[in-house]
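In what follows, a structure is listed as structure tokens, so that the remarks can point back to it.
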Amino acid sequence: MDYDAIVIGGGHAGIEAALALSRMGWRTLMITQSLDAIGRLSCNPAVGGLSKGNLVREVDALGGEMAHLIDKSMIQFRILNRRRGPAVQAPRAQADKFTYHRLAKQTLEGQKGLALFQDTVNDILLEPDGRTICGVTTERGHQISARVVVMTTGTFMEGRIFIGEYMCSSGRLGEPAAVGLGTALREKGFMVGRLKTGTPARVRKSSLDFDAMVEQPGDEIMMPFSFDYDLVDRPAMNCHITWTNEETHRIIRANIHRSPLYGGKIVGKGPRYCPSIEDKVVRFPDRDKHQIFVEPEGVGTEEMYLNGISSSLPEDVQVAYIHSIRGLEKAEIMRPAYAVEYDYLDPTQLYPSLETKRVDGLFIAGQTNGTSGYEEAACQGLMAGINAAQKLKGEPMLVLSRTEAYTGVLIDDLVTKGTKEPYRMFTSRAEYRLNLRHDTADQRLTPKGYAVGLQRAEAMDKLRVKMERIGAVKELLASRRIEGKTCAELIRQPEITIDDLLPQVPELLAFAETERYQAELDVKYEGYIRRQDRQVDRFVRMEQIPISVDFNYDAVDGISTEAREKLKLVRPLSVGQAGRISGVRNSDLAILMVVMKRGGMRSKGCAACDGSDGSDESGEYDGQE
Amino acid sequence: MNITSYDHKDLIYALATPWGSSALAIIRISGEGCITLLATAFSRPEALLSARTNRIVHGVLSDPASGKAVDEVVLAVYRAGHGYTGEESVEISCHGSIPGIEALLELLKNLGMRPAEPGEFTFRAFMHGRMDLTQAEAVQEIVSSRSRTAQSLALHRLGGALFTELQRIKSLVLDVLSVVEVQLDYAEDEIGGDVTFPLETVVSAKSQMDALLATYEVGRLYGQGARIVLAGSTNAGKSTLFNLLLKEERSIVSEVHGTTRDFIEAQTVIGGIPIRIYDTAGLRDSMDSIEAEGMRRTEQLLEQSDLILLLLDGTEPHDNADMLGSRIGKLVHDPRCIIVWNKTDLSVGKAPHGSFPLSAKRGKGFEELQAEILARLRKGSARPMDDQVVIENSRQRDALVRASEALAACMRLAQAAVPLDIVAIELNEALEAMGSLTGEVTSADVLEHIFSGFCVGK
Ligand SMILES: Cc1cc2nc3c(=O)[nH]c(=O)nc-3n(C[C@H](O)[C@H](O)[C@H](O)COP(=O)(O)OP(=O)(O)OC[C@H]3O[C@@H](n4cnc5c(N)ncnc54)[C@H](O)[C@@H]3O)c2cc1C
Ligand SMILES: Nc1nc2c(ncn2[C@@H]2O[C@H](COP(=O)(O)OP(=O)(O)O)[C@@H](O)[C@H]2O)c(=O)[nH]1
């Protein structure tokens with residue numbers, strides 16, 4: 001074997017996968033099309049946001065890299081949705097794209113046991129059994145062997161770019177597509193589909209009239225995404241807000257027929273939640289304006305990102321409608337908006353570990369699984385990397401539950417329900433989000449990262465200290481009384497915050513603001529957290545009725561045909577997971593529950609319990625080689 | 001009865017009509033291969049074997065060993081995918097004499113079938129996706145329903161009316177939740193400010209939920225019936241009234257022999273409500289002569305009763321005074337008590353305030369008394385229309401209470417300007433509670449509980 005592990009692609013998923021594997025001690029090779037594009041922020045120059053910020057902190061808690069990269073490259077920081085509640089607020093930062101990329105590459109280069117190689121993978125190599133990975137082949141003719149492969153091809157697999165009538169094979173503007181791999185995987189029996197996404201134009205800063213826009217500064221204090229340190233001290237830059245208008249919409253409507261989306265050239269489905277400006281104009285004809293955020297792409301550059309008006313209209317139309325917008329009348333367009341269509345693999349072909357069911361040792365992560373977004377890619381890359389390493393070690397897979405991480409929600413959704421449009425993380429996808437606050441990611445996940453050998457001992461020490469200190473704050477709140485009431489009782493009143501108590505309880509000042517705040521939330525929302533915990537208990541009960549991967553659904557009477565097909569495809573690992581598959585009805589679930597609780601059916605009526613027959617899957621699913 | 005002992009490959013049989021003599025009885029058999037097996041004992045095997053689904057075949061069933069005819073029967077044939085259980089099954093209509101039924105069941109057993117466990121037919125129907133949970137429960141109630149009104153309510157639910165009603169409320173809650181969630185999914189500046197919380201929708205969902213909940217009492221009344229206890233001193237006219245109450249409909253009187261004293265229990269129907277009446281012999285005698293055991297049993301009866309008819313003898317003012325001073329007399333203050341002033345045909349005095357004048361002997365005042373009994377039992381709610389959705393069992397009620405409480409909490413939190421993510425927890429709780437009713441969210445425990453409540457044959 002040339003390497004223990006190969007990671008295909010140096011995007012946000014690939015970075016995490018490669019670092020996790022090599023940090024866990026495996027000789028790893030990252031093959032990517034261009035070393036100059038490692039960690040490139042393809043679209044908006046920002047990391048985090050609602051629920052995405054939580055993902056970044058989860059990656060960090062487990063021992064991943066994304067938080068470090070953004071902490072050292074941010075040029076603006078904000079906590080979003082402060083007013084809407086403790087569970088849903090999240091950090092978001094504008095990034096200096098160039099610094100972000102440089103740091104990513106630097107980190108990979110500095111990692112022991114990790115090799116970097118510029119080439120394009122065009123096929124995977126299988127053992128003679130046809131179902132175990134043993135390496136990859138590349139465009140320049142290399143055959144490289146490894147025991148596990150993590151594939152993170154982003155928007156590049158058979159990528160194709162559209163700008164009006166213009167169309168070319170490309171993964172990002174100016175970067176060639178990765179050709180051949182998608183076809184090779186199709187031939188090996190994988191279900192491969194097409195998705196599309198788009199990005200707006202970049203305009204020159206000195207050509208914009210900022211006086212005509214609304215300034216949007218960040219928060220005064222920058223806070224780190226990473227739990228490893230307490231402070232970020234970097235210079236901040238402002239963003240600006242402007243709006244489209246009737247004239248903008250008129251121009252777009254008049255040219256809509258020239259969009260490849262409406263002309264039928266693009267077959268892949270785009271995200272409903274992040275529509276192009278032409279989609280917005282067509283779908284919301286009543287709106288007389290749409291908001292645009294003008295965001296800097298970095299410190300040493302004039303390029304500005306027009307967040308909110310991604311498009312695939314021809315360039316002359318882009319120029320016309322951009323110039324109709326206040327503050328952008330004289331904007332000089334440096335890069336046009338474009339749409340990209342690419343191959344993705346139906347993620348129901350994966351186990352929750354992100355290993356494919358079809359090929360042993362092949363893991364897939366990132367945009368290739370039908371997601372969109374850097375954070376979504378990073379958390380999958382990390383989990384795929386950890387699990388590939390677990391596989392090499394012969395240890396059980398690390399699967400996070402929906403009740404313990406947004407990462408768990410994301411992966412469970414993907415492998416259980418699949419996706420027909422680019423999947424983005426949303427707060428509302430998580431049922432138990434009160435337990436998934438961004439500030440508790442370390443409590444939830446650092447011990448797990450440590451247990452698999454990725455997270456460092458210092459992180460555990462830091463967590464222990466943090467918990468002790470928060471415990472001390474809570475104790476203080478419970479014992480100290482003000483006018484007959486304990487501080488804890490006072491804080492439970494909606495209008496009172498912990499900072500209101502500082503004059504009377506100056507000892508609180510000995511604790512960091514984050515410590516005080518977390519103690520405050522824990523105390524204030526204790527009742528709701530307990531209520532949520534009861535819901536979690538109900539959920540967990542269903543998750544705890546296991547189904548073996550080789551369970552023979554054909555031998556169970558009474559399951560509807562549709563459900564049977566879905567169950568055979570997804571191969572859920574628990575009755576709970578089975579219940580989340582669309583097309584599986586209550587009665588199907590009832591049957592499964594009864595059969596599973598019975599511990600397999602009695603021999604007379606049951607071929608289902610001795611899975612050795614009929615089923616093409618075999619062996620226990622525990623990552624054992 | 002534990003569900004896990006069902007083996008769904010077995011051929012099962014059970015009497016689907018009540019045990020007892022009647023003109024006709026129906027025996028149901030179910031399971032793959034039951035038709036072929038039955039054909040070996042049938043006079044026209046080809047006709048049976050070739051019968052399409054939902055067809056009727058007439059013939060004679062006889063013991064294959066002795067060749068002796070057992071009964072002349074009509075077979076209703078259901079092929080897999082049809083009929084009650086959704087699997088291959090036959091309904092045997094036979095003559096309804098008890099020895100005849102026993103002989104037929106014996107024959108089926110000899111053929112190699114086994115008697116069904118309680119609820120097993122319904123369990124199989126559920127397993128074959130023939131019904132959702134609320135429908136399964138409705139079947140249970142039809143089987144055990146004691147009066148016609150209850151039966152029509154249960155039939156209605158079998159059509160999924162409760163399900164439809166719940167879906168309607170659920171979609172309201174979903175509406176609210178989506179307004180909340182959109183604000184949690186997007187930052188303030190992304191959706192241009194706050195959207196107002198649709199409090200009126202929550203209020204409306206909650207009031208619909210509560211209306212549904214209020215039907216529980218009605219449903220319970222018609223489904224499970226009520227208990228009425230007659231109390232009063234000896235000769236007040238309890239037995240006379242007892243018989244009068246029973247005269248209205250065909251009813252069954254049974255003497256219950258206690259260890260010490262007897263009381264008489266009878267079943268009847270008043271205004272569509274199944275009623276059990278107890279004539280408490282134990283209270284006929286004066287207090288001191290009552291043995292402890294008899295008193296205990298009487299107390300128990302009183303405690304469980306929905307209504308107590310306390311009879312006073314209009315011709316015996318002294319007796320009454322004694323009685324009212326006694327322990328039983330204290331019942332006057334019990335909200336469940338109706339005081340009946342009996343023997344108005346003889347008495348000269350006026351019926352005391354708040355009591356019902358009656359002549360049990362002549363039947364005078366009886367109509368009014370009956371009306372009062374009904375009104376008290378229904379607690380003001382009108383007789384349910386046949387198409388009104390009614391919830392009848394406590395599992396459904398508990399789930400709805402949980403949902404209703406969650407909505408109430410949601411309203412309270414929203415008005416107190418508590419953050420939306422907390423409000424959303426309550427909305428989700430309400431949804432989950434409703435889901436547990438329609439079977440969308442369910443647990444093995446609930447299922448087992450439901451199935452074990454079924455009686456044999458259904
Ligand atoms: C035009 C465009 C618009 C976007 N719009 C949005 C948006 O609106 N919202 C949003 O959240 N996200 C958007 N994104 C998505 C975001 O950029 C991705 O989700 C994220 O970068 C995915 O990370 P990844 O690691 O999966 O893949 P990428 O960041 O795409 O990285 C993949 C890497 O793998 C390399 N590679 C691919 N195939 C091979 C191969 N066969 N051999 C070797 N190397 C290979 C590529 O060169 C690339 O470096 C957009 C991306 C693009 C290109
Ligand atoms: N005149 C008259 N006699 C009654 C009336 N109700 C009961 N009786 C008589 O009172 C006697 C005692 O009645 P009974 O029902 O046995 O009383 P119990 O001991 O309370 O059960 C019997 O002789 C009845 O015929 C009534 O309304 N009018």
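Chain letters run A, B, ... following the sequence lines, proteins first, then strands; residues in each count from 1.
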Report task. Any chance you could measure B/Ile425, atom CD1, to A/Arg531, atom CZ, to the nearest 0.5 Å? Result -> 8.5 Å

Query - Top of A/Ala90, A/Pro86, A/Gly308, A/Gly49 for chain B proximity - count of heavy-atom pairs under 4.5 angstrom - result: A/Pro86

Report summary line: dist B/Glu432:CD -> A/Glu431:CD (nearest 0.5 Å) comes out at 9.5 Å

Query raised in the report: Measuring heavy-atom distances to chain A, does B/Ala80 have an atom under 4.5 Å in its side chain, in its backbone, in both, or in neither?
Result: neither

Query raised in the report: Rounded to the nearest 0.5 Å, what separation is found between the NZ atom of A/Lys524 and the CD1 atom of B/Ile422?
Result: 10.5 Å

Query - Part of A/Arg92 lying under 4.5 Å from any heavy atom of chain B - result: neither

Query raised in the report: Any idea which heavy atoms bring B/Asp421 and A/Val88 closest together, and the distance?
Result: OD2-N, 3.5 Å

Query raised in the report: Among A/Arg433, A/Gln532, A/Gln89, who wins on heavy-atom pairs under 4.5 Å with chain B?
Result: A/Arg433

